Amino acid sequence: MSKLQAFFSENAKKPVNVTRVISKRFVDSDGNPIEWEFGAITPEMDAEIKKDSTRRTLITQGKRKGQYNTEFDPAKYQLKLTVASVVYPDLKDADLQNSYGVFNEEDLINKMLLPAELQDASMAAQEANGFEISLEDMVEEAKN
């Protein structure tokens, strides 16, 4: 196989899902914590999440009047990335959502997990999507 052929679609290694115990509060019948599963999203899904996490506001005063400010919300992006990456449990499941009294995946994961658990889920989602540095580090790097 030539070096170029290594880049062909059929030769590219598929991303491996990440499994991790996110919370010790969710256990099987034997009392063992149940692992969550996270998978990579597509670049198109990532672009949509970035778009949903970015807000444009019209400037109404000053030298830049009539122009737009673009504001990226890294916390919103991270939550949406995490939710989109969860393979198991199925956060779209209506019965699961009903058990928490919510109607969407983002509200569900926020109700299900404690803050530290949500952070662990976010880190697992980043790993599943190939991020080797944290989102916070990427935001800092982008600012500089």
Side-chain angles (χ1 to χ4, degrees), residues 1-60 64 66-144:
M1 172 171 43
S2 74
K3 285 185 180 181
L4 181 60
Q5 287 175 327
F7 291 96
F8 287 9
S9 176
E10 63 271 10
N11 296 325
K13 291 183 179 180
K14 304 299 179 225
V16 178
N17 286 1
V18 172
T19 56
R20 182 112 354 107
V21 172
I22 298 301
S23 174
K24 295 178 182 174
R25 298 178 303 117
F26 304 107
V27 295
D28 63 18
S29 58
D30 295 327
N32 300 314
I34 300 172
E35 289 184 329
W36 288 47
E37 184 177 355
F38 299 84
I41 62 171
T42 64
E44 294 82 10
M45 288 177 66
D46 187 56
E48 187 64 32
I49 292 171
K50 286 177 182 170
K51 182 179 175 185
D52 288 347
S53 302
T54 303
R55 189 175 72 161
R56 288 181 46 148
T57 54
L58 181 64
I59 299 170
T60 59
R64 295 186 55 217
Q67 296 179 7
Y68 287 89
N69 258 349
T70 303
E71 298 173 17
F72 180 72
D73 185 343
K76 185 175 183 179
Y77 172 79
Q78 188 59 53
L79 178 63
K80 287 181 169 292
L81 175 69
T82 301
V83 167
S85 300
V86 173
V87 175
Y88 185 81
D90 181 4
L91 300 179
K92 292 180 171 120
D93 185 82
D95 292 333
L96 182 57
Q97 290 181 9
N98 287 338
S99 77
Y100 285 89
V102 297
F103 302 103
N104 65 58
E105 301 97 298
E106 291 172 17
D107 289 344
L108 176 60
I109 202 166
N110 275 320
K111 283 267 191 164
M112 287 178 77
L113 298 178
L114 299 172
E117 295 167 343
L118 186 55
Q119 182 68 31
D120 289 345
S122 294
M123 289 175 23
Q126 286 180 28
E127 182 181 333
N129 284 286
F131 291 108
E132 294 183 13
I133 60 173
S134 72
L135 181 64
E136 291 79 19
D137 291 341
M138 289 191 309
V139 170
E140 272 306 309
E141 186 176 316
K143 288 180 181 177
N144 295 329

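It should be emphasised that the depicted structure is a prediction, and the values quoted were computed from it without experimental measurement.
- Here the straight-line distance linking atom OG1 of Thr57 with atom CD of Gln67 works out to 11.5 Å at 0.5 Å rounding.
- In this view, Ser29 satisfies the side chain to side chain contact (heavy atoms under 4.5 Å, CB included) rule with no residue, not counting sequence neighbours.
- Looking at Asn98, its side chain does come within 3.5 Å of a backbone N or O of Ala94 through a donor-acceptor pair.
- Under the side chain to side chain contact (heavy atoms under 4.5 Å, CB included) criterion, Tyr100 pairs with Phe26, Leu96, Val102, Leu108, Lys111, Met112, sequence neighbours left out.
- What you find for Val86 and Phe38 is that their closest heavy atoms are CG2-CE2, 3.6 Å.
- Closest non-hydrogen pair, Tyr68 versus Ile59, comes out as C-CD1, 4.2 Å.
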With side chain to side chain contact (heavy atoms under 4.5 Å, CB included) as the test, would you mind laying out the steps for Lys80 and Glu106 before giving the verdict? CA-CA 7 Å; Lys80 287 181 169 292; Glu106 291 172 17; 2.9 Å; yes
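- Taking a 6.0 Å sphere around CZ of Phe7, one finds it holds 12 or fewer heavy atoms contributed by other residues, nucleotides or ligands.
- Salt bridge Lys24/Glu117: absent, no basic N to carboxylate O contact under 4.0 Å.
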Apply side chain to side chain donor-acceptor pair (under 3.5 Å) to Arg55 and Asn69, showing your working. CA-CA 8 Å; Arg55 189 175 72 161; Asn69 258 349; over 6 Å; no
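- Partners of Lys50 by side-chain hydrogen bond (donor to acceptor under 3.5 Å, both in side chains), not counting sequence neighbours, listed by chain and number: Asp46.
- Ser53 pairs by the side-chain hydrogen bond (donor to acceptor under 3.5 Å, both in side chains) definition with nothing, not counting sequence neighbours.
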Only distances under 3.5 Å count here; give the side-chain donor-acceptor pairs of residues 9-18 to other protein atoms, sequence neighbours excluded, each with its distance to 0.1 Å.
unit_1, atom_1, unit_2, atom_2, d
Asn11, ND2, Gln5, O, 2.7
Asn17, ND2, Glu37, OE2, 2.6

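- Sorted by first then second residue, the side chain to side chain donor-acceptor pair (under 3.5 Å) pairs that include residues 83-94, not counting sequence neighbours, are Ser85-Asn129.
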Would Tyr77 and Thr82 satisfy side chain to side chain contact (heavy atoms under 4.5 Å, CB included), going step by step from the backbone distance to the final call? CA-CA 8 Å; Tyr77 172 79; Thr82 301; over 6 Å; no
From CA spacing to verdict: salt bridge (charged side-chain N to carboxylate O under 4.0 Å, His left out), Arg20, Glu127: CA-CA 11 Å; Arg20 182 112 354 107; Glu127 182 181 333; 2.9 Å; yes
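- No side-chain N or O of Asp107 forms a donor-acceptor pair with one of Asn110 less than 3.5 Å apart.
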